[in-house]
Amino acid sequence: MKRTHRTTELDLQNVGEKVILNGWINGRRDHGGLIFIDLRDRFGLIQIVFSPEVDQEAFHLAEQVRNEYVIAVKGKVCRRPQETENPSLKTGKIEVYVEKMEVLSAARTPPFYIENDIEVDENLRLKYRYLDLRRPEMRDNLILRHRVIKIMRDFLDKNGFLEIETPMLTKSSPEGARDYLVPSRVHPGQFYALPQSPQIFKQLLMVAGMEQYFQIARCFRDEDLRADRQPEFTQLDMEMSFIDEEDIFTLVEQLVQDIFGQGIGRRVDIPFPRIAYDEAMKKYGSDKPDLRFGLEIQDITAIVKDVDFKVFSAAVQAGGVVRAINAKTCASFTRREIDDLGKMAVQNGARGMAWIVVTENELKSPIAKFFSPEKMQELLAALKAQPGDLLLFAADQPEVVARVLGNLRLELGKRLKLVDENILNFIWVVDFPLLEYDQEEKRYVAVHHPFTSPQVTDYALLDTNPGAVKARAYDLILNGTEIGGGSIRIHRRDWQEKMFSLLNISPEEAEDKFGYLLEAFQYGTPPHGGIAFGIDRLLMIMAGRQSIRDVMAFPKTQSASCPMTEAPSPVSPKQLRELALKIREK
RNA sequence: GGAGCCGUGGUGCAGCGGUUUAGCAUAUCGGCCUGUCAAGCCGAAGAUCGCGGGUUCAAAUCCCGUCGGCUCCGCCA
């Protein structure tokens, strides 16, 4: 019995028709003399009815079937008696009276409920992911994923882009994340790496004259996992020739408008506001600021540089800064709540967190005694402090203070429920630094990646003050999450060599690791640039989820394993021998 | 590498030194039931409390270790 309709294709207009339906049993209500079954397929639910008056055999079979059995039924579409209509079902005005039923497949009782909003250990969900994905919310996430990727393809196709695949087995490169390695059988002792991104290939496609490229690209990074980080994830990777930043912004803004408009029916206003990296760090303590609420960080370095409070003045002496957040209305926080915030500050690298509780009559604070009344007035005025406010301070190097207060700001935003979950706040963060100094490695490392072009106006600084050079890089931020990032690239061999030398990569190593790119640049390379979107993160936000695992069909656990397949797993001695590999005892 | 939370019938939770023969809800199984859609009513079965060790007259409960899940820091060009 092959189906004639999908469940949700039936409506009042089909009343009287004989139809065949296939699907899973979502629920069964046995009234003794009458049995109702909710039949589920990918599209929805419909109620089917078994009555001995319609067919004895089908009725008795219906007494025996259970949830998640796969069945085929044949019957007549009927209008439901008025008082039994179910407005919460798309097919709630009708039902099918079954004359004939076949069990296509029986089912064991599932280990958890096949329904929305379950609270089950995630391990169990992942072990039985094929059951988890039957749950409507998970099914809908995958449908959304399909739709969004389709919108991306359609949009880019319409705009002249070519979808081109690049290798998954490629060359390991220094810089960036830890590579996943694949041993070569043909070349014993040598390895491929899975791509962290198709970066160099897409640049070579520009050299090849493809002009506008995109790819729905799987990327691999062997780093520790988070709610929004998986070892393999998917990017919309794009690259264009003969363009500048403005072309990319415009195109991406239109793309995002399509994605949200056609994907989930949300209007997105363009163009997106832009904020410079330096300003974002100073005001919001983050290079991916969440601007859905205020609570801005304020710099008070100038005011406190000479105070008796050594933590502040010493930090300034050492080239650091002192900044503060005025947590409006938080004077009511208990000592314990304030201590919790302090712990958080320490966890983020602060040596401590100073605070002042402002009330009608007094200031409660461990540090107030270090300030003269005049200084205190100046400080309170600068922070626009009023009775009822809680002031939080951090003093250290600028990066540390930014991180500490940035995270306190997010925590306060959460606690005070300042975030309107219905807002879609897009911003471009621009003017990133090109390089930052890595204390551990004692060298500069690329903030974005080594192929990012410096801003032309800063080119002279490369030799004198590399840390001050800005990059032609940009990130797209949505609600405090980085969903995309890119740059205008270096397209000249000499500039790229210069960049490598700044990164302390020797000419020999540059030749060894990136020689093919340097060589390619000598054969006529168009100026080019691009951007890549984290599709999983984007979908996570669109679907209102807290983890990208919920928008991936088969994700891994935090320890990067798969409870269903039990990957990773040992391999046979034969396989190891073929690869010339030996496992070392720990 | 580090910090925190969690692990008790299939599932979700309660119990946190002895009054527990480990409680509740739901699922499961059986019976009754012709308009339910979280169906209802009656009944039954089902867990040695993640694993290992220790403390104690006595451990699901306290301690140590370990495994697994989640969140976070480091890490993620």
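Note that this is a predicted model, so its numbers are computed, not measured.
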For A:T481 and A:I483, indicate whether the former's side chain and the latter's backbone hold a donor-acceptor pair under 3.5 Å. no
Please confirm whether the backbone N or O of A:T334 pairs with a side-chain atom of A:E337, one donor and one acceptor, at under 3.5 Å? yes
Gap between atoms CD1 and P, on A:I35 and B:C37 respectively (whole Å): 16 Å
Donor-acceptor under 3.5 Å (A:Q196 side chain, A:F220 main chain): no
In A:D536, A:L539, A:I535, the residue satisfying side chain to side chain contact (heavy atoms under 4.5 Å, CB included) with A:M552 is A:D536
Is there a side-chain contact between A:V445 and A:P450 (heavy atoms, below 4.5 Å)? no
Output the rounded distance in Å from CG (A:D30) to P (B:C42). 17 Å
From the options B:U36, B:U11, B:C75, select the nucleotide whose nearest atom is closest to the side chain of A:L124. B:U11
Find the distance A:E68:CD to B:G10:C1' and express it as a whole number of Å. 14 Å
Separation of atom CG in A:D224 from atom P in B:A3, rounded to whole Å: 14 Å
Going from CD on A:Q199 to CG on A:L204, what distance comes out if it is rounded to the nearest 0.5 angstrom? 10.0 Å
Comparing A:A177 with A:N407, nearest RNA chain B nucleotide closer to 5' gives the residue A:N407
G-U wobble or Watson-Crick pairing nucleotide for B:G4 (cut-off 3.5 Å, both distances): B:C70
Classify the nucleic acid contact of A:V49 as base, sugar-phosphate or nothing, counting any heavy atom under 4.0 Å across all strands shown. nothing
Could you tell me whether the side chain of A:R80 has a donor or acceptor atom within less than 3.5 Å of a complementary atom in the base of B:U36? yes
Side chain A:E119 and base B:U11 donor-acceptor under 3.5 Å: no
Complement of B:G23, any strand, by Watson-Crick or G-U distances under 3.5 angstrom: B:C13
Short N/O separations, protein against nucleotides 27-31 of chain B, under 3.5 angstrom:
from  : atom 1 : to     : atom 2 : distance (Å)
B:A27 : O4'    : A:Y113 : OH     : 3.3
B:C29 : OP1    : A:R66  : NE     : 2.8
B:G30 : OP2    : A:R66  : NH2    : 3.0

Check whether the aromatic ring of A:F36 stacks on the base of B:U36, taking stacking as ring centres less than 5.5 Å apart and planes within 30° of each other. yes
Ignoring hydrogens and angles, answer whether the base of B:C37 and the side-chain atoms of A:D38 contain a donor-acceptor pair closer than 3.5 Å. no
Across the strands shown, which category fits A:E95 at heavy-atom distances under 4.0 angstrom: base, sugar-phosphate, nothing? base
Is it the case that the base of B:C37 and the side chain of A:R28 share a donor-acceptor contact (distance under 3.5 Å, atom types as modelled)? no
If we take the C1' atom in both B:U56 and B:C64, what is their distance in whole Å? 16 Å
One should read off an interatomic distance between A:I325 CD1 and A:L412 CG, to the nearest 0.5 angstrom, of 6.0 Å
Please state how far atom CD in A:E223 lies from atom C1' in B:C75, giving the value in whole angstrom units. 5 Å
Donor-acceptor contact below 3.5 Å, side chain A:Q230 vs main chain A:K556: yes
Determine whether any donor atom in the side chain of A:R221 lies under 3.5 Å from an acceptor atom in the base of B:C76, or the reverse, and answer yes or no. no
Atom CG of A:D117 and atom P of B:U26: how far apart are they, to the nearest Å? 18 Å
Under 6.0 Å between ring centres: does that hold for A:F521 and A:W495? no
Measure CD1/A:I48 against P/B:U36 and give the value in whole Å, please. 18 Å
Under-3.5 Å N/O pairs linking protein and nucleotides 65-72 of chain B:
from  : atom 1 : to     : atom 2 : distance (Å)
B:G68 : O2'    : A:N123 : ND2    : 3.3
B:G69 : OP1    : A:T557 : OG1    : 2.9
B:G69 : OP1    : A:S559 : OG     : 2.9
B:G69 : OP2    : A:S559 : OG     : 3.1
B:C70 : OP1    : A:Q558 : N      : 3.2
B:C70 : OP2    : A:Q558 : N      : 2.7
B:C70 : O3'    : A:R549 : NH2    : 3.1
B:U71 : OP1    : A:R549 : NH1    : 3.3
B:U71 : OP1    : A:R549 : NH2    : 2.9
B:U71 : OP2    : A:R549 : NH1    : 3.4
B:U71 : O4     : A:Q558 : OE1    : 3.2
B:C72 : OP2    : A:A227 : N      : 3.3

Testing B:C37, B:G74, B:U11 for proximity to the side chain of A:V120, the answer is B:U11
Assign each of A:G33 and A:F112 the nucleotide of RNA chain B bearing its closest heavy atom; nearer the 5' end lies the nucleotide of A:F112
Please confirm whether the backbone N or O of A:M168 pairs with a side-chain atom of A:R218, one donor and one acceptor, at under 3.5 Å? no
Looking at CZ of A:R537 and CZ of A:F233, how far apart are the two atoms once the value is rounded to the nearest 0.5 Å? 8.0 Å
When rounded to whole Å, the CD to P distance for the pair A:E175 and B:C75 reads 15 Å
